[in-house]
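Below is one structure, written out as structure tokens; the observations come after it.
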Amino acid sequence: MLKKHLALAVLVTLVWGLNFPITKLGLRGIDPFVLTGIRFTLAALPLVFFIKRPAVPFGYVAAYGVIFGLGMWGVINYGIQVGVSPGIASLIIQLSVFFTLGWGVVLFNETLRDAQLVGAGLALIGLSGIIVNQDGSHAVLGVMLIVFSALAWSVGNVIIKKSGVKEIFSFMVWASLFPPIPLLLMAWCMHGSTAFENLPASLNATVIGSILFQVYLATHFAYWGWNSLLKAYPVSTVAPLSLLIPVFGLASSVLIIGEQVSTPDLISMAIILTGLGVGLYRRPALGWAFFSKRNYQSSPGRQETLR
């Protein structure tokens with residue numbers, strides 16, 4: 001990988017890692033589903049009026065938008081609010097790797113190597129350790145919500161693969177049209193008008209900065225940068241760099257919001273990282289995250305399906 005592309009990869013993973021504690025700052029004043037709804041509204045508008053719609057059936061765009069916006073980020077933000085720390089959330093979300101591998105086996109008849117199975121087993125052990133070490137039912141609920149969001153991310157990967165989309169940035173912008181209404185309805189169902197009453201007063205400089213970071217850096221820039229790398233290099237070269245996300249996520253959480261991580265959690269996180277490393281750094285027999293050698297060689301644009 002060229003140095004400039006490696007620098008881009010590090011910058012993207014840094015932005016994604018920073019996104020977790022910065023989102024936490026925004027959640028101090030706004031309902032998690034309202035915050036996520038604002039994020040995707042701004043991600044879509046006004047760009048949707050200037051960017052051509054992606055050349056795929058619109059059902060894929062809508063389905064991905066709802067799953068990615070509500071099922072992934074809405075749930076992540078709610079999980080952080082109810083108790084899971086941003087640093088741990090940035091790690092657990094990486095379990096989407098193994099959910100994606102599972103969908104590859106179930107839906108696309110792909111084969112897993114022993115190393116991938118071992119990696120999944122280690123990640124499960126580490127996740128179990130984190131759950132056992134959580135203090136209180138709310139924290140456990142938060143962890144389970146992040147696991148669910150990782151599953152939602154993997155479903156989003158399936159949708160992108162099935163759609164065959166090539167215009168990833170356009171796809172993200174247009175897909176962002178669909179999460180806001182379900183997210184705001186979810187906020188209303190869970191908290192009624194309370195979720196909206198204090199919204200104007202809550203929009204201080206910290207919250208506004210958090211929203212802008214989520215929209216223009218964590219969504220627009222980071223997804224553009226990551227998928228640009230996936231176009232230029234094999235997935236097996238780019239994918240392992242995602243292990244930097246929880247590293248940056250944990251470090252920035254400690255620095256920005258003063259997150260404290262217990263020794264048992266550190267051990268569990270190390271086990272999960274080891275499992276992810278085993279699963280990602282060794283080239284799979286038929287490909288990682290839906291990418292068999294045959295599909296990768298024969299299908300241009302397949303490189304874009306990871307994120």
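Since we're looking at a predicted model, the values are computed, not measured.
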Study note, to complete from the structure: What one should report as the nearest heavy-atom pair of V84 and A89 is CG2-N, 4.3 Å

Review point. Roughly how far, to the nearest 0.5 Å, is CG of L14 from CG of L244?
Key: 9.5 Å

Practice item. Applying side-chain contact (heavy atoms from CB on, under 4.5 Å), run through I80 and L145 and close with a yes or a no. Key: CA-CA 9 Å; I80 291 175; L145 287 169; over 6 Å; no

**Study point:** Co-membership, hydrophobic cluster, residues V155 and V147, 4.5 Å side-chain
**Key:** yes

**Study point:** Closest approach of S90 to P246 (non-hydrogen atoms, all atoms of both residues)
**Key:** OG-CA, 3.5 Å

**Study point:** Side chain S170, main chain I51, donor-acceptor under 3.5 Å
**Key:** no

Revision key, fill the gap. Sequence neighbours excluded, the answer for ring-ring contact (aromatic ring centres under 6.0 Å, His included) partners of Y216 is H220

Review point. Would the W16 and F221 ring centres measure less than 6.0 Å apart?
Key: no

**Study point:** Separation between CG of L27 and CG of N77, rounded to the nearest 0.5 Å
**Key:** 5.0 Å

Check your understanding: With sequence neighbours left out, what residues match E259 under side chain to side chain donor-acceptor pair (under 3.5 Å)?
Key -> S85, S253

Practice item. Give the cluster check for F148 versus I93: same hydrophobic cluster or not, with ILVMFWY residues linked at side-chain heavy-atom distances below 4.5 Å. Key: yes

Check your understanding: Of the non-hydrogen atoms in G17 and P21, which two are nearest, and what is the gap between them?
Key -> O-CD, 3.3 Å

Study note, to complete from the structure: Rounding to 0.5 Å, atoms CD1 (I146) and CG (L141) come to a distance of 9.5 Å

Review point. Would L212 and L47 show up in the same hydrophobic cluster when neighbours are defined by side-chain heavy atoms closer than 4.5 Å?
Key: yes

Check your understanding: So do Q214 and L42 actually touch side chain to side chain, heavy atoms under 4.5 Å?
Key -> no

Check your understanding: Looking at side-chain heavy atoms only, is the closest gap between I272 and L122 below 4.5 Å?
Key -> no

Review point. Would a 4.5 Å heavy-atom cut-off, applied to side chains only, mark F33 and L70 as touching?
Key: yes

Point to revise | Exam field: side chain T13 to backbone I245, donor-acceptor pair closer than 3.5 Å | key: no

**Study point:** Residue list, side chain to side chain donor-acceptor pair (under 3.5 Å) with S96, at least two apart or on another chain
**Key:** none

I'd like a table of donor-acceptor pairs (distance under 3.5 Å, sequence neighbours excluded) in which one partner is a side-chain atom from residues 181-200, with atom names and distances.
residue, atom, partner, partner atom, Å
H191, ND1, D31, OD2, 2.7
S193, OG, E197, OE2, 2.9

Point to revise | Y64 side chain reached by V165 side chain, heavy atoms, under 4.5 Å | key: no

Practice item. Given side-chain contact (heavy atoms from CB on, under 4.5 Å), test I88 with F20 step by step and report yes or no. Key: CA-CA 9 Å; I88 289 179; F20 286 87; over 6 Å; no

**Study point:** ring-ring contact (aromatic ring centres under 6.0 Å, His included) partners of F178, counting only residues at least two apart
**Key:** F58

Check your understanding: Roughly how far apart are I271 CD1 and I125 CD1, rounded to 0.5 Å?
Key -> 6.5 Å

**Study point:** Residue pairs involving residues 2-11 (criterion side-chain hydrogen bond (donor to acceptor under 3.5 Å, both in side chains); sequence neighbours excluded)
**Key:** H5-Y233

Review point. Do you know the tightest heavy-atom contact between L25 and V207?
Key: O-CG2, 4.4 Å

Review point. Do I76 and M72 pass the side-chain contact (heavy atoms from CB on, under 4.5 Å) test, and can you show the C-alpha distance, the side-chain angles, and the key distance before you say yes or no?
Key: CA-CA 6 Å; I76 285 177; M72 182 184 170; 4.0 Å; yes

**Study point:** Closest non-hydrogen atom pair between V61 and P54, with its separation
**Key:** CG2-CG, 4.0 Å

Check your understanding: Please walk me through it: do I159 and F68 pass side-chain contact (heavy atoms from CB on, under 4.5 Å)?
Key -> CA-CA 10 Å; I159 292 173; F68 185 71; over 6 Å; no

Practice item. Could you tell me which non-hydrogen atom of P180 sits nearest to which non-hydrogen atom of S176, and how far apart they are? Key: CD-O, 3.3 Å

Check your understanding: Under a single-linkage definition using a 4.5 Å side-chain heavy-atom cutoff for Ile, Leu, Val, Met, Phe, Trp and Tyr, are V56 and V48 assigned to the same hydrophobic cluster?
Key -> yes

**Study point:** Min side-chain heavy-atom separation F248-N19 under 4.5 Å
**Key:** no

Practice item. Would you kindly confirm whether V82 and L35 end up in one hydrophobic cluster when ILVMFWY residues are joined by side chain heavy atoms under 4.5 Å apart? Key: yes

Point to revise | Nearest-0.5 Å distance that lies between atom OG in S252 and atom CG in L18 | key: 4.5 Å

Point to revise | Nearest-0.5 Å distance that lies between atom CG in L229 and atom CG in L8 | key: 4.5 Å

